[in-house]
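Note that ligands are numbered from 1 as they come in the structure, with each ligand's atoms numbered from 1 the same way. Just so it is clear, the values below take in all heavy atoms, side chains as well, and ignore hydrogens, waters and symmetry mates. Quick caveat: nothing in here was measured; it's all calculated off a predicted structure.
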Amino acid sequence: MNQLGSEQNPLRVAIVGSGPSAFYATEALIKSGHTVRIDMIERLPAPFGLVRNGVAPDHPKLKQPILIYDKIARSPAFTFLGNVTVGHDIRVAELQSAYHAVIFACGAETDRKLGIAGEDLPGSYTATEFVGWYNGHPDYRDRVFDLSQEVAVIIGQGNVAADVCRILSKTVDELKHTDIAEHALAVLAESKIREVHVIGRRGPAQAKFTNKELRELGELADCGAVVDPADLCLNRESELELADKANFINANNVEIFKTWASRPASGKRRRCYFRFLESPVMLLGQSHLERLVLERNRLEGEPNRQVAKGTGQKRELSCGLLFRSVGYRGVPIPGVPFDERNGVFPNAEGRLLDNNKNVIPTLYVTGWIKRGPSGVIGTNRADSVATVNALLADLPKLDSAAPKAGAEALYPLLTSRGGRVVSYGNWLKIDAVEVERGKPKGKPREKLTTVEEMLAVVA
Ligand code: NAP
């Protein structure tokens, strides 16, 4: 048998998922110097994961990596199998039979829970649902958000909270030339929201926004950012944190908050209030969210390790709309071990581990499902290179006597199960239709928001 990774015996890898970490793993494999064949398996007919379905429509620059992913996808070593759900249409064991290795790059598709009473009352939503809805994700396009409320609350102070806040606070004119889904734009146009409260459980020095994203919230056409100056009196530990150069993003955030605290409240139609040191403890309402009970916190612990502790002091805030934006979480795939506590696939440097912490040969992980939902799109490049390096180091162990058929082994299985595999060429047709639909509206694209519509294009 020829050496694995040679012309005669290419290394066949299945990658599950098609977001940034999946494409960076593909790129690393293609550049490895070995002869490889990569089959990327995606649940939706459209590739690019979070870049298509998570990045906010008004941040088109953050979608530019798609141009790089498109180049990677045009490599002869690459095959896209869209509209295929691993664990449903095809089993992990079947992938193991068809490939030398499988890399899971399936991201973090759901949200962490707050674990408080009333969390699931109508009117209380996850950021995932809202982000998916305004981005035209087929799973969320039919969600209904009642924007007839005047007060909306966002729990959490990370960049996803910033995205949700901007979309709720911007005018239609600020959004209408983006690729926001038309159903979302129509609902946002009728929004009655006047106040958005963005609530952090820790202080202004610990908010997780990046500077650009935070600054933007003070530059909206018809929404003013408001901070209570009293909230900017920091404890000694927070002052020490900000004095540490490593925390320059946090220090810049506090400067931005200070600017907002020192300027008069604007005459703008909407206000966005940043609140700190408060945790939601209960959501109240008869059949719909009506009030939120918040508990005042204080910070405890050493600098850089301060945690929020409840003081027992509570207040109520009337609100009919709430978004929980407290971090994403991976979802299990049948046949793959899952770390329930952290919402990731257990792994050691990208090698999947079983329940006894032993490496499972041939299975690998990368991206958010490997390390948890942190970092920006580019963070996934180094992460995927590390996983691919682990895989390549294992190459002698992956070599098997039996040749691997890759996608050729999957197509008959998928067809016999009634599946319709969407190729990259098919996706390019869907892409062209979306771009065409966007043109009359001055939008970069008008997304197709159901799987049926997408399949009709390629039928
Ligand atoms: P994140 O940055 O981890 O922020 C989560 C927020 O939720 C934090 O403020 C956290 O507070 C808070 N939180 C967690 N558990 C809580 C609880 N039980 N009660 C109250 N608050 C709680 O997560 P994210 O906003 O979902 O973003 C995920 C990643 O995507 C981040 O790396 C982010 O930078 C990235 N992203 C980037 C962009 C961009 O570049 N434009 C856009 C969107 C997302 P603590 O700090 O106290 O834990």
Side-chain angles (χ1 to χ4, degrees), residues 19-21 49-65 107-117 119 124 126-132 134-135 153-167 197-217 237-238 241 247 249-250 253 257 274-283 292-301 304-310 322-330 341-344 367-369 371-380 383:
S21 61
L50 204 71
V51 184
R52 175 177 162 95
N53 297 309
V55 170
D58 58 339
H59 279 174
K61 273 197 182 153
L62 293 183
K63 295 180 197 244
Q64 279 178 359
E109 283 198 81
T110 189
D111 292 73
R112 288 187 195 131
K113 299 284 279 183
L114 285 172
I116 59 172
E119 182 164 6
S124 161
T126 63
T128 309
E129 292 170 278
F130 190 61
V131 170
Y134 64 64
N135 273 326
V153 168
I154 302 170
I155 303 296
Q157 293 190 329
N159 280 337
V160 172
D163 286 347
V164 170
C165 182
R166 259 190 353 273
I167 299 298
H197 297 251
V198 186
I199 299 178
R201 64 178 168 181
R202 296 193 290 160
Q206 288 79 31
K208 286 201 173 131
F209 308 113
T210 44
N211 300 148
K212 184 179 161 294
E213 277 62 27
L214 182 60
R215 202 172 287 118
E216 228 182 322
L217 292 171
E237 288 75 10
S238 296
E241 284 177 20
N247 295 325
I249 295 177
N250 304 69
N253 278 348
F257 289 136
F274 290 80
R275 311 279 188 196
F276 304 98
L277 291 170
E278 287 188 314
S279 283
V281 287
M282 201 187 302
L283 274 57
L292 161 68
V293 183
L294 289 158
E295 181 174 9
R296 185 83 190 155
N297 294 329
R298 65 167 175 272
L299 293 177
E300 279 186 9
N304 295 319
R305 310 176 82 106
Q306 296 192 82
V307 293
K309 289 276 173 191
L322 179 139
F323 297 96
R324 286 116 59 196
S325 180
V326 294
Y328 290 135
R329 195 183 146 77
R341 199 163 154 263
N342 299 307
V344 297
W368 279 6
I369 197 64
R371 66 174 198 279
S374 65
V376 292
I377 290 168
T379 314
N380 294 297
D383 198 7

Q | contact_flag G200 ligand 1 heavy-atom lt 4.0 Å | A | no
Q: Quick one: look up the protein heavy atom nearest atom 40 (O) of ligand 1 and list residue, atom name and how far away it is.
A: V376 CG1, 3.8 Å
Q) Looking at ligand 1, does L62 have a heavy atom less than 4.0 Å from it? A) yes
Q: Distance to 0.1 Å, residue and atom name: give those for the protein heavy atom nearest to atom 1 (P) of ligand 1.
A: K208 CD, 4.0 Å
Q) At what distance, to the nearest 0.5 angstrom, does CD1 of I199 lie from CZ of F274? A) 11.5 Å
Q: Could you find the nearest protein heavy atom to atom 46 (O) of ligand 1 and give me its residue, atom name and distance?
A: R202 NH2, 2.9 Å
Q: Would you mind listing which atoms of ligand 1 come within a distance below 4.0 Å of any non-hydrogen atom of S374?
A: 32 (O)
Q: Check ligand 1 against W368 and write out every atom of the ligand that is under 4.0 Å from a heavy-atom position of the residue.
A: 29 (C), 30 (O)
**Q.** Options E216, R201, Q306, ranked by nearest heavy atom to atom 48 (O) of ligand 1, top entry
**A.** R201
Q.
Tell me whether R202 contacts the main-chain N or O of Q306 through its side chain, where contact means a donor paired with an acceptor under 3.5 Å.
A. yes
Q. Hey, is S279 one of the residues with a heavy atom under 4.0 angstrom from ligand 1?
A. no
Q) Among protein heavy atoms, which sits nearest to atom 23 (O) of ligand 1, and what does the distance come to when rounded to 0.1 Å? A) G327 CA, 4.1 Å
Q) So, does N250 use its side chain to make a donor-acceptor pair with the main chain of A205 at under 3.5 Å? A) yes
**Q.** Expected output: side-chain R324 to main-chain I155 donor-acceptor under 3.5 Å
**A.** no
Q: Ignoring hydrogens and angles, tell me if any N or O in the side chain of Q157 forms a donor-acceptor pair with the backbone of G203 under 3.5 Å.
A: no
(Q) Quick check: D163 and ligand 1, any N/O pair under 3.5 Å apart? (A) no
Q: Answer with yes or no whether the side chains of H59 and E216 bring together a donor and an acceptor at under 3.5 Å.
A: yes
Q.
Is there a polar contact, in the sense of an N or O pair closer than 3.5 Å, between Q157 and ligand 1?
A. yes
Q: Give a yes or no on whether the backbone of E300 and the side-chain of E237 come within a donor-acceptor separation of less than 3.5 Å.
A: no
**Q.** Smallest separation among heavy atoms of A162 and F209, with atom names
**A.** CB-CD2, 4.0 Å
Q.
Tell me if a side-chain donor or acceptor on E119 pairs with a main-chain N or O of G115 at a distance below 3.5 Å.
A. yes
**Q.** 4.5 Å side-chain heavy-atom contact, L62 and V376
**A.** no
Q. When rounded to the nearest 0.5 angstrom, what distance separates CG in N253 from NZ in K208?
A. 12.5 Å
Q: May I ask you to check if ligand 1 and G375 share an N or O to N or O distance below 3.5 Å?
A: yes
Q: Below 4.0 angstrom from a heavy atom of P373, which ligand 1 atoms are there? Numbered from 1 as shown, please.
A: 28 (C), 29 (C)
**Q.** atom 19 (N) of ligand 1: nearest protein contact (heavy atom, Å)
**A.** L114 CD2, 3.7 Å
Q. Considering only the protein, which heavy-atom contact is closest to atom 22 (C) of ligand 1, and what is its distance?
A. V326 CG1, 3.3 Å
Q: Check each heavy atom of R112 against ligand 1 and say whether those closer than 4.0 Å belong to the side chain, the backbone, both or neither.
A: neither
Q | Shortest protein contact, atom 34 (O) of ligand 1 (heavy atom only) | A | N159 ND2, 3.1 Å
Q: May I ask you to check whether S21 and D383 show a side-chain donor-acceptor distance below 3.5 Å?
A: no
Q. Looking at atom 25 (O) of ligand 1, what's its closest protein heavy atom, distance included?
A. V160 N, 3.1 Å
